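What follows is a single structure, written as structure tokens, with notes after it.
Everything numeric in this text was worked out from a predicted model, so none of it was measured. Numbers restart at 1 for each chain; the letters A, B, ... are given by sequence-line order, proteins then strands.
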There are 2 protein chains.
Amino acid sequence: MANKEGGKSGGMAHPGGSRRNLRQPSIKDIARLARVSHPTVSRALQNSPLVNAKTAAKIRKIADEAGYRASAVARGLVTRRTRTIGLVVTTVADPFASEVVCGVEQTANDHGYSVFLADSNADPERERKVVQAFAERRVDGIIVTSSRVGALYLPRLTEMMVPIVLVNDQYPGAFVHSVMIRNLEGIRAAVRHLIGLGHRRIAYLGDQFGYQSDAERFAGYREALDATGIPFHPELVVHGDGKPEAAVRAMETLLSLAIPPTAVCCYNDMSALGAMQSIRARGKRVPEDISVTGFDDLFFASYTDPPLTTVRQPMRRMGQLAMEGLLKLMAGEESVVKIEVEAELIVRGSTAKVSRNANGNRRS
Amino acid sequence: MANKEGGKSGGMAHPGGSRRNLRQPSIKDIARLARVSHPTVSRALQNSPLVNAKTAAKIRKIADEAGYRASAVARGLVTRRTRTIGLVVTTVADPFASEVVCGVEQTANDHGYSVFLADSNADPERERKVVQAFAERRVDGIIVTSSRVGALYLPRLTEMMVPIVLVNDQYPGAFVHSVMIRNLEGIRAAVRHLIGLGHRRIAYLGDQFGYQSDAERFAGYREALDATGIPFHPELVVHGDGKPEAAVRAMETLLSLAIPPTAVCCYNDMSALGAMQSIRARGKRVPEDISVTGFDDLFFASYTDPPLTTVRQPMRRMGQLAMEGLLKLMAGEESVVKIEVEAELIVRGSTAKVSRNANGNRRS
DNA sequence: AGGTGGCGTGTACACGTGTGCATAAGGCGA
DNA sequence: TCGCCTTATGCACACGTGTACACGCCACCT
């Protein structure tokens, strides 16, 4: 017996050893050291009431000293739950996405879940690999933050019979749940604010055509216009791609108009960044010549010159809500998660009363 | 036999089923369908030359039709390699970190690895949980992007006998490898640039005291000063925390000086953002009154007003290099990874020749 | 005193995959 | 025809954990 013990424990890993990956102690190693069977160790470490308190304490002490960490992979195999979720974003480099990721990750960790991060980069091949990886990893749930997801690969995701929560996107389907910002109300508040400042020629600088959130924000823009009786001018609607570079070009189009707008309502803060630069490049000033609004309230919004008036989106909170919803779905406590969060207009310095001579050619 | 088959396959998951998590098909299900043993399926799916080409093709077809995905968790249990890495950042919300994450993730995915993301938030309790999670998940390697890591929990990380690569931090220890930017040369280039523009009173707005990268950048600042014979004034050195808010306050200190600096060399772009706002708030202009430089070249650097002169750090590339190094370490192809990447000065509009009356009181 | 029940522990198995080894089939040379 | 080699396949086991079930022990009640 003692002989066997010596022989077997010879291969045990020890901290600071010169060779790596010798072997981490297993539950059986601990059982041998504690002179009990391995199920008793398992129960002791799970604080099961089935095991004698003194024995449990002794086992926990030994396990701790040996630096024992139960293998989540072995546990996952037998319990059929990995306590793992997959998180898909188009790219973490986008500040909106990274805030959501932050919220998701914190909440997941607080509940003992680990998160697999994958960015799709809107590349179909990469998306295919992401889905495959999540399937093989046997994630318990999935969160997608990517306005591009649409019909692209969601069907393949649903195949793995696991709850999926979408952040700021919607897709009609079986296992699909979502956390959304009230896009329409948010933009409407921004446009109303501009109208209140006397603006009548208000442009909309959107995202790429066909995205749900862009469509909703555009709808909010239209609604605010209509409600005030301001006619809609198609030439005042341009499209970027949600990033500054494209917004610069889109803004140039607006500035080249025979009668340029006196205010621009941007799809998001990144676009507003490009728009403002474009306006400066034309020798015009924000907000004296043109007012600008954004959407998201990213960290830099209060540090632009002038500080950006924008619609705040509680991004981290949305990540948290998505994860909390997913937890309920995975536990079966909820059969559907459909959350809408409020958008809040933050008025800063990039919007001002329309200048007297700007709207001079007001003919509408 | 047929009886048993019918009985067993009754529980197989099928796409679009109303109940979730019934069961995903296992390798044995595929084996039964293909009328072979499960090891043959295993070999066929690994493209092993041991299995007959026709049989393999048939098996692959059946597996594909059944939507079979081999369980990475079961595989990990037997192979003792999870093809999984852990990635620690203080917070993904930091644009620098998210760029690195992006590079790491892409490279990892390209090589069949999945990444567990965890942000520590510099919270000891959370860091403890992160380490524990990575240990239990049996990650094959770890990448840390966090200037705070220092002596905090790295010792605990090394206990799990797995290679660890640090990005922009260093720590003397057994399993520790790193990818670093040439901080000293980078800042030196920025300071030289300022000196070349005639500046003599150049301030350094650093990160929190004690961080390796801050120490190196400060050293670069000192070195450039010394090389030109410009005396060092301790009052021109202030500390923020790498974020805009703290930089605002630090900059106010500098502006309140009897003889304020004509140029500020910031630890990073985020700090520069705060510094520029602080300067504007005092009614001074950038770069006419005060020149400002940053570090990182984050996405917004070209969109500030004026665009920010900064030291570019190839963040995504650094993430890629870290992952590539880790891959080699895990494969045992390399015993030590120590990479230094070049910093590049990007001159934009936030730096200009010192104004004549600004350095009027030049007494040094 | 014998039956009963609770408590603590061990035994046996399962989870899904990879792999060393044995084995069956078939071809070929002696 | 026999033996040997190659090729293709199956068998048995291992990985580390959780859990249903059986079992032994002791106290207690009848």
Below 4.0 angstrom from OP1 or OP2 of D:dC15, is there any side-chain N or O of B:T79? no
Between B:R81 and D:dC15, does any side-chain N or O lie under 4.0 Å from OP1 or OP2? no
Atom pair distance, as rounded to whole Å: CZ in A:R35 and P in C:dT9: 15 Å
Is there a donor and acceptor pair closer than 3.5 Å between the side chain of A:H38 and the base of D:dG18? yes
If we ignore angles and hydrogens, is there a donor and acceptor under 3.5 Å between the side chains of A:R137 and B:S114? yes
Please report how far the helix from C:dA1-D:dT30 to C:dA30-D:dT1 bends, comparing the axis fitted to its first five pairs with the axis fitted to its last five, to the nearest 10 degrees. 70°
C:dG10 P sits how many Å from A:I27 CD1, rounded? 12 Å
Are any side-chain N or O atoms of B:E105 and backbone N or O atoms of B:V101, one a donor and one an acceptor, separated by less than 3.5 Å? no
Check this for me, if you would: do A:R32 and A:D29 make a salt bridge, where the nitrogen-to-carboxylate-oxygen distance has to be below 4.0 angstrom? yes
Quick one: label B:S71 by what it contacts on the DNA or RNA (base, sugar-phosphate, nothing), any heavy atom closer than 4.0 Å. sugar-phosphate
Contacts of B:P39 and B:V78 projected onto DNA chain D by closest heavy atom; the upstream (5') one is B:P39
Say whether, by atom type as modelled, one donor and one acceptor occur between the side chain of B:D140 and the main chain of B:I85 under 3.5 angstrom. no
Under 4.0 Å between a side-chain N/O of A:Q46 and OP1 or OP2 of D:dT17, yes or no? no
Please tell me if B:S26 has a side-chain N or O lying less than 4.0 Å from either OP1 or OP2 of C:dG16. no
Between B:E324 and B:K328 (salt bridge meaning N to carboxylate O under 4.0 Å), is one present in this structure? no
Describe the nucleic acid contact of B:V73 in one word from base, sugar-phosphate, nothing, applying a heavy-atom distance below 4.0 Å. nothing
Using whole Å, report how far CZ of B:R75 lies from P of D:dA14. 21 Å
C:dC15 phosphate, OP1 or OP2: any side-chain N/O from A:R80 under 4.0 angstrom? no
A:L45 has an atom CG; how far is it from atom C1' of D:dG16, in whole Å? 13 Å
Euclidean distance, atom NZ of residue A:K54 to atom P of C:dG8 [Å, nearest integer]: 13 Å
What I want to check is whether an N or O donor and acceptor connect the side chain of B:R43 with the base of D:dG10 at under 3.5 Å. yes
With a 3.5 Å distance limit and no angle check, can you tell me whether B:R83 reaches the backbone of B:H111 through a side-chain donor-acceptor pair? yes
Between atom CZ in B:R138 and atom P in D:dG16, what is the gap in whole Å? 8 Å
Establish, with yes or no, whether the OP1 or OP2 oxygen of C:dG18 is under 4.0 angstrom from a side-chain nitrogen or oxygen of B:S42. yes
Which whole-number value in Å describes the distance from A:L77 CG to D:dA14 C1'? 12 Å
Consider the side chain of A:V36, meaning its heavy atoms from C-beta on, and name the nucleotide among C:dT9, C:dG10, C:dT17 that approaches it most closely. C:dG10
Looking at B:A135, is its backbone amide N or carbonyl O close enough to the side chain of B:R138 to form a donor-acceptor pair, meaning the two atoms are under 3.5 Å apart? yes
So, is A:Q24 close to the D:dG16 phosphate, meaning a side-chain N or O under 4.0 Å from OP1 or OP2? no
So for atom NZ, which belongs to B:K338, do other residues, nucleotides or ligands contribute more than 12 heavy atoms lying within a distance under 6.0 Å? yes
Output the rounded distance in Å from NZ (A:K28) to P (D:dG18). 13 Å
Taking only side-chain N and O atoms of A:T40, does any of them lie within less than 4.0 angstrom of OP1 or OP2 on C:dG10? yes
